[in-house]
Amino acid sequence: MIRLDRVSKRYPDGTVAVQELTLEVGRGELVVLVGPSGCGKTTTMKMVNRLVEPTGGRIVVDGVDVTDADPVALRRGIGYVIQNVGLFPHRTIEENIAVVPELVGWPRKRRHERARELMELVGLDPAVHGKRYPHELSGGQRQRVGVARALAVDPPVLLMDEPFSAVDPVVRSQLQDEFLRLQDDVRKTILFVTHDIEEAVRLGDRIAVFKQGGRLEQFDTPAAILGA
Ligand code: ADP
Ligand code: ADP
């Protein structure tokens with residue numbers, strides 16, 4: 001579903017962030033990218049939705065070479081969740097979740113129904129949270145909104161960059177549990193970045209271990225990596 005074939009990224013200042021990276025994520029698979037800060041995880045993610053252009057290699061998402069894809073169409077099929085999700089402060093939670101459906105022209109009633117369904121899916125109460133504004137939610141609840149928003153138009157692929165890292169350990173663990181249940185239902189193809197090896201082992205179907213210099217050290221199941 002996602003294939004990276006000898007992908008490299010050298011930034012204009014000469015920093016080599018990713019080197020000859022080859023990996024694939026199967027349909028419905030959750031692959032975690034793990035490794036120390038600065039080893040190229042975020043750059044790798046951003047090359048998949050073309051926020052960053054590779055300087056070498058090839059990336060194919062659902063049979064389409066991303067360098068040939070229209071970026072807007074590409075991103076419509078790729079949900080993106082980051083560490084501190086940026087919500088629109090003057091829009092309600094329901095409106096924030098429905099941003100992309102609104103952009104693509106869904107009628108109001110359909111947006112409303114989809115937002116309510118998604119709130120339930122991520123453990124928010126539509127009657128309570130739907131009409132609130134972002135500052136009226138906790139950090140963990142805002143991350144849930146981020147996940148709901150990313151799922152709004154049902155993209156087959158999700159990119160998640162440290163989505164649960166900014167919340168305290170108890171909430172993080174709860175979000176991980178809920179996310180695993182959610183993934184059982186929705187079965188998205190997911191690239192998930194974390195620097196937390198425990199999180200990687202808990203969530204990943206497979207784990208790609210990066211090392212300094214943007215190289216892949218290991219790519220295997222959690223059991224194989226722990227046993228290695
Ligand atoms: P990680 O997500 O693993 O922390 P990043 O992909 O953010 O790593 O960064 C990989 C390397 O690329 C780091 O050395 C970082 O400083 C560098 N880097 C990231 N973005 C840029 C940029 N826009 N320009 C130059 N160097 C960058
Ligand atoms: P800028 O260079 O102005 O920061 P970006 O292209 O980096 O613009 O993205 C702007 C915002 O859009 C970012 O906050 C980012 O999180 C969000 N964004 C970027 N790509 C996607 C995507 N594929 N899906 C959802 N949100 C995205």
Side-chain angles (χ1 to χ4, degrees), residues 1-25 29-61 65-67 69 71-72 74-75 78-86 139 142-143 146-147 149-150 155 157-169 172 175-176 179 183 188-222 224-226 228:
M1 183 76 181
I2 305 175
R3 277 189 51 81
L4 288 85
D5 189 16
R6 302 185 63 170
V7 170
S8 299
K9 176 63 185 180
R10 174 194 287 267
Y11 283 106
D13 69 355
T15 304
V16 177
V18 175
Q19 283 188 69
E20 303 258 324
L21 174 65
T22 295
L23 63 84
E24 86 288 328
V25 188
E29 189 183 24
L30 196 167
V31 168
V32 180
L33 311 182
V34 71
S37 176
C39 65
K41 305 182 298 294
T42 294
T43 298
T44 298
M45 291 274 248
K46 287 184 169 174
M47 288 192 290
V48 174
N49 65 2
R50 284 194 69 185
L51 291 179
V52 168
E53 297 292 335
T55 45
R58 221 163 82 94
I59 302 175
V60 176
V61 176
D65 188 326
V66 304
T67 54
V72 174
L74 177 75
R75 285 175 201 155
I78 302 179
Y80 190 43
V81 188
I82 58 175
Q83 182 165 355
N84 289 297
V85 303
R142 280 199 292 269
Q143 292 308 106
V147 174
R149 183 180 59 179
V157 173
L158 279 187
L159 303 179
M160 306 184 78
D161 196 343
E162 307 238 16
F164 309 141
S165 297
V167 294
D168 70 64
R172 189 181 315 152
L175 289 175
Q176 289 167 353
F179 180 66
Q183 171 63 350
K188 298 295 175 188
T189 302
I190 302 177
L191 263 181
F192 188 109
V193 164
T194 183
H195 59 264
D196 174 357
I197 185 73
E198 271 180 52
E199 182 168 72
V201 166
R202 192 153 182 211
L203 300 183
D205 295 314
R206 283 189 295 171
I207 301 177
V209 183
F210 281 57
K211 59 183 175 185
Q212 227 33 274
R215 287 182 176 280
L216 191 58
E217 185 162 34
Q218 267 186 299
F219 182 38
D220 216 328
T221 60
I225 283 175
L226 290 175

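Just so you know, ligand 1 is whichever comes first in the structure, and atom 1 is the first atom listed for that ligand. Predicted model only: the values in this text are computed from it and were never measured. Count residues from 1 along the sequence.
- Within 4.0 Å of ligand 1, counting heavy atoms only, the contacting residues are Y11, D13, T15, A17, P36, S37, G38, C39, G40, K41, T42, T43.
- Taking every heavy atom of both residues into account, A200 and V32 meet most closely at CB-CG1, 3.6 Å.
- Note on ring orientation: taking the six-membered ring where Trp is involved, the planes of F179 and F192 are tilted (angle from 30° to 60°).
- Between the side chain of K41 and the backbone N or O of P36, at least one donor-acceptor pair lies under 3.5 Å.
- The 12-atom threshold is not exceeded at CZ of R10, counting heavy atoms of other residues, nucleotides or ligands nearer than 6.0 Å.
- Between the side chains of T194 and D196, not a single donor N or O lies within less than 3.5 Å of an accepting N or O.
- Here E29 pairs with V25, V31, D205, R206 under the side chain to side chain contact (heavy atoms under 4.5 Å, CB included) rule; sequence neighbours left out.
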